[in-house]
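Okay, so here's the structure we're looking at.
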Amino acid sequence: MSTSPRYRFAPSPTGFFHVGGARTALFNWALARSTGGTFVLRIEDTDEARNRPEWTQGIIDSLAWIGIAADDPHFEGPLFQSEYADAHLAAAQRLFEAGDAYYCEMTPDEIQTLAKAEGVTGYAGWSRDLGLGPGAGRVLRFRVPDGVTVVRDQVRGDVEFDNDTIEDFVLVRSNGTPVFLLANVVDDMTMGITNVVRAEEHLPNTPKQQMIWQALGHRPPVWAHVPVLVNDQRKKLSKRRDKVALEQYRDEGYLADAMVNYLMTLGWSPGEDEIQPWSMMEPAFRLEDVNLSPAFFDVKKLGAFNGEYIRMMSVDELVQGCDPWLPVDWDRSRFAAIAPHIQQRLVTLADAPGVVDFLFIAEPEIDEASWDKAFAPEYAVPLLRNLADAYETCDWDHATLKAVMETEMETFEIKLGKAQAGTRVAVTGRAVGPPLFEALEVMGRDESLRRIRQALATLGG
RNA sequence: GCCCCCAUCGUCUAGUGGCCUAGGACACCACCCUUUCAAGGUGGCGGCACGGGUUCGAAUCCCGUUGGGGGUGCCA
């Protein structure tokens with residue numbers, strides 16, 4: 001029997017991978033790797049409603065994206081809860097035979113009615129001593145013992161639950177299937193899980209699970225409940241209201257490294273500099289340092305992290321990274337030429353095409369407000385005309401183009417900032433964009449002049 | 001309702017009784033730089049929820065209040 005710790009990540013397949021789940025997985029991964037332990041992936045696929053084979057692959061792909069690779073020696077799985085149904089039921093049978101569980105044939109409606117009549121909140125153990133055996137329509141309930149259950153939590157310390165406040169909960173449904181509470185415990189037991197690190201929402205379940213562990217004669221794992229991720233309303237992130245799918249962020253051009261780094265800073269601090277590579281965070285992460293309050297998942301800050309990571313890329317990496325977001329017919333070498341000039345202007349990789357589209361579109365849309373503003377000054381049209389003439393023959397590199405502009409603008413006694421405005425709008429259609437002369441260089445003389453002449457024609461010049 | 005958890009700038013956090021006049025980051029504002037926009041630089045705004053204790057000394061320990069959150073299923 002190995003003594004190295006075994007962590008586990010146990011998502012239920014729902015068709016998308018929740019960012020909160022990603023953070024939990026990352027915490028488990030860091031711990032498993034830094035302790036020489038194992039990260040067990042268990043797919044909790046016992047709910048009929050959520051069980052599609054392709055969802056599992058989605059989970060594996062998402063984990064791989066954030067660096068949790070199925071071929072890493074610390075990775076084990078995926079294991080499927082549905083394949084352990086026999087073990088769940090066998091455990092239930094043992095619990096029944098030992099007297100730790102009993103059958104109950106009250107329906108939810110009957111329970112509600114009786115509870116109301118007696119002025120209690122829920123099921124009050126009415127069938128405890130009826131000595132019922134298994135049978136159609138009967139559920140198996142756990143016989144909650146008297147006393148206090150203390151959950152030792154690595155993040156929160158000892159949490160006490162008075163057993164009086166815990167009702168005899170259902171272990172096996174009337175249709176014979178085990179509920180999550182039981183399946184989860186039995187799986188952790190059979191998979192040799194030593195450490196359970198999961199979200200805080202599971203804390204109220206924990207005393208129940210711990211009682212099952214003990215009734216089954218095992219020492220419970222070390223628990224750790226990390227705070228949930230919340231939205232701007234301070235509510236638990238929900239897929240209905242919030243953007244929670246990891247895949248969506250990936251598709252919107254967020255980098256995996258940035259996402260991983262950001263997620264790790266929610267509830268934990270990697271130290272003086274919050275921008276840190278996984279190789280630094282993995283060994284530094286400790287549950288004892290995890291915060292206890294819910295953390296707001298701030299997309300704006302994620303964007304700031306993403307920008308940082310984009311700026312850290314080499315130009316080659318940037319060009320490669322942007323590729324999926326570029327229309328297929330765009331000239332890649334042309335994009336590569338402008339790429340270094342847009343690097344510090346991107347929040348996501350998906351922003352790239354919008355910043356440089358004028359280089360690839362025959363007739364970029366002209367922003368009217370920018371046009372009006374740029375050509376309002378009296379010098380604007382004559383300057384553009386003079387510039388067009390000079391650009392016919394000069395060398396075509398950004399330094400020369402800039403020098404020519406500086407010469408031409410002298411006549412009007414204006415600064416470069418103002419002088420370039422008209423040309424920018426004429427060529428790119430917008431008032432903002434990558435550095436003008438670099439863009440002109442990439443665009444080439446013919447197309448640049450065509451657009452300038454076209455603008456002059458429109459201006460009646 | 002009941003059970004449980006939590007509480008430092010708007011947000012994410014550092015802080016584990018004296019190093020705190022509470023530090024950093026995002027956001028915001030100003031200025032600098034500048035070829036627009038960014039990026040970068042400098043500065044600014046802004047916080048220990050409240051009330052009691054304990055202590056020579058409390059953001060740090062204890063109690064209460066208030067406020068948030070989570071859980072209360074024959075879902076996972």
Side-chain angles (χ1 to χ4, degrees), chain A residues 10-14 44-50 81 104 106-108 111 120-123 137-141 151 153 155-157 159-162 164-167 169-181 183-184 199-207 225 227-228 230 232-236 262 265-275 288-289 291-298 300-305 307-308 311 341-347 355 370 374 398 401-402 405-406 415-421 423-425 428 430-439:
Chain A
S12 57
T14 54
E44 307 222 317
D45 57 349
T46 44
D47 180 0
E48 344 61 49
R50 21 180 134 166
Q81 183 158 77
C104 166
M106 290 180 76
T107 65
I111 291 169
V120 295
T121 34
Y123 176 76
R138 292 176 183 174
V139 298
L140 184 68
R141 287 182 181 275
V151 172
D153 190 287
V155 171
R156 279 152 217 284
V159 182
E160 279 190 21
F161 296 84
D162 189 331
D164 288 349
T165 66
I166 302 171
E167 65 181 43
F169 52 91
V170 173
L171 255 18
V172 180
R173 300 184 185 94
S174 55
N175 67 5
T177 58
V179 302
F180 153 78
L181 231 35
N184 193 267
E200 187 188 354
E201 64 209 67
H202 291 285
L203 187 53
N205 286 327
T206 310
H225 291 90
V228 294
V230 297
D232 56 345
Q233 310 288 307
R234 297 253 119 207
K235 302 282 188 210
K236 195 170 71 163
Y262 176 62
T265 67
L266 262 23
W268 181 71
S269 169
E272 205 32 49
D273 191 354
E274 61 184 1
I275 300 291
E288 290 73 12
D289 298 332
N291 255 279
L292 294 83
S293 23
F296 170 44
F297 184 82
D298 185 353
K300 206 150 188 190
K301 186 150 185 180
L302 204 215
F305 271 60
E308 289 274 357
R311 274 168 251 132
H341 305 294
I342 66 169
Q343 189 156 13
Q344 56 276 86
R345 281 162 246 264
L346 303 178
V347 170
V355 176
S370 299
H398 66 88
L401 295 169
K402 182 186 178 198
M405 172 77 84
E406 284 169 334
K415 295 206 170 163
L416 189 53
K418 287 188 172 185
Q420 54 98 48
T423 310
R424 180 181 292 282
V425 176
T428 74
R430 288 187 289 257
V432 300
L436 216 217
F437 307 107
E438 284 78 353

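Chain letters run A, B, ... following the sequence lines, proteins first, then strands; residues in each count from 1. Everything numeric in this text was worked out from a predicted model, so none of it was measured.
- In this structure, Thr177(A) reaches neither bases nor backbone, as no heavy-atom distance under 4.0 Å exists between it and the strands shown.
- Spacing between atom NZ of Lys236(A) and atom C1' of G68(B) amounts to 15 Å, rounded to whole angstrom units.
- Across all strands shown, Asn291(A) has heavy atoms under 4.0 Å from sugar-phosphate atoms exclusively, and none from any base.
- Heavy atoms of Thr121(A) sit under 4.0 angstrom from at least one base atom.
- As judged by a 4.0 angstrom heavy-atom cut-off over every strand, His225(A) is placed among residues making no nucleic acid contact.
- A gap of 36 Å separates the P atoms of G1(B) and A58(B), to the nearest Å.
- Residue Asp298(A) contributes atom CG, which lies 13 Å from atom C1' of C28(B) at whole-angstrom precision.
- Counting any heavy atom pair closer than 4.0 Å across all strands shown, Leu436(A) reaches a base atom.
- Here Gln81(A) lies in heavy-atom contact (under 4.0 Å) with sugar-phosphate atoms only.
- Counting any heavy atom pair closer than 4.0 Å across all strands shown, Val170(A) reaches sugar-phosphate atoms only and no base atom.
- Distances were taken from every side-chain heavy atom of Phe161(A) (C-beta onward) to each of G24(B), C3(B), C6(B); the shortest belongs to C3(B).
- Of the P atoms belonging to C28(B) and G53(B), the separation is 44 Å, rounded to the nearest Å.
- Nucleotides C4(B) and U65(B) have their P atoms positioned 14 Å apart, rounded to a whole Å.
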Any chance you could lay out the side chain to side chain contact (heavy atoms under 4.5 Å, CB included) test for Glu200(A) and Val155(A), step after step, and finish with the verdict? CA-CA 10 Å; Glu200(A) 187 188 354; Val155(A) 171; over 6 Å; no
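- In this structure, Ser269(A) reaches the sugar-phosphate backbone alone: every heavy-atom distance under 4.0 Å involves primed, P, OP1 or OP2 atoms, never a base.
- Residue Pro434(A) is classed as a base contact, given a heavy-atom separation below 4.0 Å to a base.
- The nearest whole Å value for the distance from the CD atom in Gln344(A) to the C1' atom in U36(B) is 13 Å.
- Using a 4.0 Å heavy-atom cutoff across all strands shown, Pro108(A) reaches at least one base atom of the nucleic acid.
- In this structure, C20(B) forms no base pair with any nucleotide, since neither Watson-Crick nor G-U wobble geometry is met with both distances under 3.5 Å.
- Across all strands shown, C26(B) forms a Watson-Crick or G-U wobble pair, both distances under 3.5 Å, with G10(B).
- Residue Gly122(A) is out of contact with every strand shown, counting any heavy-atom pair closer than 4.0 Å.
- Dashed line: the shortest gap from a side-chain N or O of Arg173(A) to OP1 or OP2 of A76(B) is under 4.0 Å.
- Nucleic acid contact class of Tyr262(A) (heavy atoms, under 4.0 Å, all strands): none.
- Using a 4.0 Å heavy-atom criterion, one finds that Arg156(A) contacts the sugar-phosphate atoms exclusively.
- Look at Lys235(A) and you'll find a side-chain N or O under 4.0 angstrom from OP1 or OP2 of G69(B).
- Phe169(A) places its CZ atom 18 Å from the C1' atom of C2(B), with the value rounded to the nearest Å.
- Counting to the nearest Å, the P atom of U35(B) and the CZ atom of Arg345(A) are 13 Å from each other.
- Between Val230(A) and Lys235(A) there is no side-chain heavy-atom pair separated by less than 4.5 Å.
- Heavy atoms of Ala421(A) sit nowhere under 4.0 angstrom from any nucleic acid atom.
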Sub-3.5 Å pairs of nitrogen or oxygen atoms, protein against nucleotides 64-66 of chain B:
none

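- Whole-Å rounding puts the Ile342(A) CD1 to A38(B) C1' distance at 12 Å.
- Residue Arg234(A) places none of its side-chain N or O atoms closer than 4.0 Å to OP1 or OP2 of C6(B).
- Atom P of nucleotide G70(B) and atom CG of Leu203(A) are separated by 14 Å, given to the nearest angstrom.
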ring-ring contact (aromatic ring centres under 6.0 Å, His included) between Phe169(A) and Tyr123(A), intermediate numbers included: CA-CA 8 Å; Phe169(A) 52 91; Tyr123(A) 176 76; over 10 Å; no
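- For the pair Lys300(A) NZ and C12(B) C1', the interatomic distance rounds to 15 Å; values are reported in whole Å.
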